[in-house]
K.L.:
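Input: one structure, supplied below.
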Amino acid sequence: MPKRYWLFKSEPGCFSIDDLAAEQDRTAHWDGVRNYQARNMLRDEIKKGDELLFHHSGASPAGIIGTCTVVKAGYPDHTALDPQEQHFDPKASEANPIWYMVKVRLKRRFSELIPLSRLKATAGLENMMVCQRGSRLSIQPVTPAEWKIVLKLAGR
DNA sequence: GCCAACGTTGGC
DNA sequence: GCCAACGTTGGC
């Protein structure tokens, strides 16, 4: 199974790349996803060893700020079971967790965020999901070609 | 703060 | 199953 690429969105006010950098081993579980399409990818498709672009949404400007490696594939998101949690879901249970998460390790923080406007203006990224207007999905697949172009924009 | 896009809910 | 209403997301 070849490695696959993804894009994960997070609002920096909620969980930023610097929050991840501050975690022990720069590793954290990616909890709180409450959308079925995104859930299916977390549960079924995203595998250990896959890599992802860390996207800051709701930021000014919004854009890609780094990369992570998936260190653990989909497992139940326990925050759905805790009434104290913001993303608590009364329909979730131990027997039927409904929601899933993966564990990620920060690989690289870009020195500068790549703004969405720049992504949209870059040849080869026209079809990238995050570049489409109204793209709300918080977990998105990225093609190897798009991955390569984004890393090139990030420079060394 | 505005507004477009989209997902979910709920009445029928 | 349809669809309008509503709430949320997210860029600007």
Side-chain angles (χ1 to χ4, degrees), chain A residues 4-23 28-46 50-68 70 73-104 106-143 145-155:
Chain A
R4 295 180 66 186
Y5 300 100
W6 309 92
L7 178 145
F8 283 25
K9 291 186 197 170
S10 182
E11 295 187 32
C14 180
F15 185 75
S16 73
I17 198 163
D18 292 323
D19 293 330
L20 179 56
E23 296 276 347
H29 56 244
W30 198 280
D31 63 84
V33 175
R34 298 292 180 264
N35 168 283
Y36 283 102
Q37 207 180 336
R39 187 281 309 268
N40 292 346
M41 288 187 267
L42 288 170
R43 186 187 59 187
D44 306 330
E45 295 190 58
I46 301 175
D50 285 0
E51 293 194 87
L52 58 99
L53 301 168
F54 196 123
H55 180 91
H56 275 176
S57 63
S60 47
I64 296 169
I65 184 64
T67 67
C68 297
V70 176
Y75 59 106
D77 181 346
H78 58 77
T79 67
L81 303 177
D82 182 351
Q84 304 304 318
E85 289 284 344
Q86 186 191 349
H87 299 289
F88 171 66
D89 181 352
K91 297 193 293 298
S93 66
E94 294 275 355
N96 180 24
I98 306 180
W99 305 112
Y100 284 74
M101 58 190 182
V102 299
K103 191 172 281 190
V104 304
L106 179 61
K107 184 171 188 190
R108 186 177 161 205
R109 188 197 193 289
F110 299 158
S111 48
E112 287 180 45
L113 175 140
I114 306 171
L116 189 54
S117 58
R118 183 153 182 236
L119 298 173
K120 287 179 175 173
T122 300
L125 300 183
E126 300 85 2
N127 297 323
M128 201 173 175
M129 203 179 280
V130 78
C131 291
Q132 311 308 310
R133 79 198 316 290
S135 165
R136 299 205 314 176
L137 199 56
S138 65
I139 306 285
Q140 307 180 351
V142 171
T143 69
E146 289 163 349
W147 179 269
K148 217 170 149 181
I149 295 169
V150 171
L151 284 209
K152 201 169 173 187
L153 288 179

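By convention in this document, chain letters (A, B, ...) are assigned in the order of the sequence lines, proteins followed by strands, and residues within each chain are numbered from 1.
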K.L.:
Can you see which heavy atom on Pro97(A) is nearest to which on Tyr100(A), and at what distance?
P.N.:
CG-OH, 3.7 Å
K.L.:
Starting at atom CG of Leu7(A), determine the distance to atom C1' of dG10(C), rounded to an integer number of angstrom.
P.N.:
13 Å
K.L.:
Can you name the atoms? Protein N/O to nucleotides 6-8 of chain B N/O, anything below 3.5 Å, with the distance.
P.N.:
{"unit_1": "dC6(B)", "atom_1": "O2", "unit_2": "Arg136(A)", "atom_2": "NH1", "d": "3.1"}
{"unit_1": "dC6(B)", "atom_1": "O2", "unit_2": "Arg136(A)", "atom_2": "NH2", "d": "2.8"}
{"unit_1": "dG7(B)", "atom_1": "O4'", "unit_2": "Arg136(A)", "atom_2": "NH2", "d": "3.1"}

K.L.:
Using the test side-chain hydrogen bond (donor to acceptor under 3.5 Å, both in side chains), find all partners of Ser135(A) that sit at least two apart in sequence or belong to another chain.
P.N.:
Gln140(A)
K.L.:
Separation of Leu113(A) atom CG from dC12(C) atom P, in whole Å?
P.N.:
12 Å
K.L.:
Starting at atom CD of Gln132(A), determine the distance to atom P of dG10(C), rounded to an integer number of angstrom.
P.N.:
15 Å
K.L.:
Round to the nearest Å and state the distance from Ile139(A) atom CD1 to dG10(C) atom P.
P.N.:
11 Å
K.L.:
Write down the atom of Phe15(A), the atom of Ser10(A), and the distance for their closest heavy-atom approach.
P.N.:
O-OG, 2.6 Å
K.L.:
Supply the atom-to-atom distance Leu52(A) CG to Ile46(A) CD1, rounded to the nearest 0.5 angstrom.
P.N.:
7.5 Å
K.L.:
Above 12 or not: heavy atoms from other molecules or residues under 6.0 Å from NZ of Lys152(A)?
P.N.:
no
K.L.:
What about Tyr36(A) and Trp99(A), are their ring centers closer than 6.0 Å?
P.N.:
yes
K.L.:
Under 4.0 Å between a side-chain N/O of His55(A) and OP1 or OP2 of dG11(C), yes or no?
P.N.:
yes
K.L.:
Let me know the distance between NZ of Lys9(A) and P of dA5(B), rounded to the nearest Å.
P.N.:
15 Å
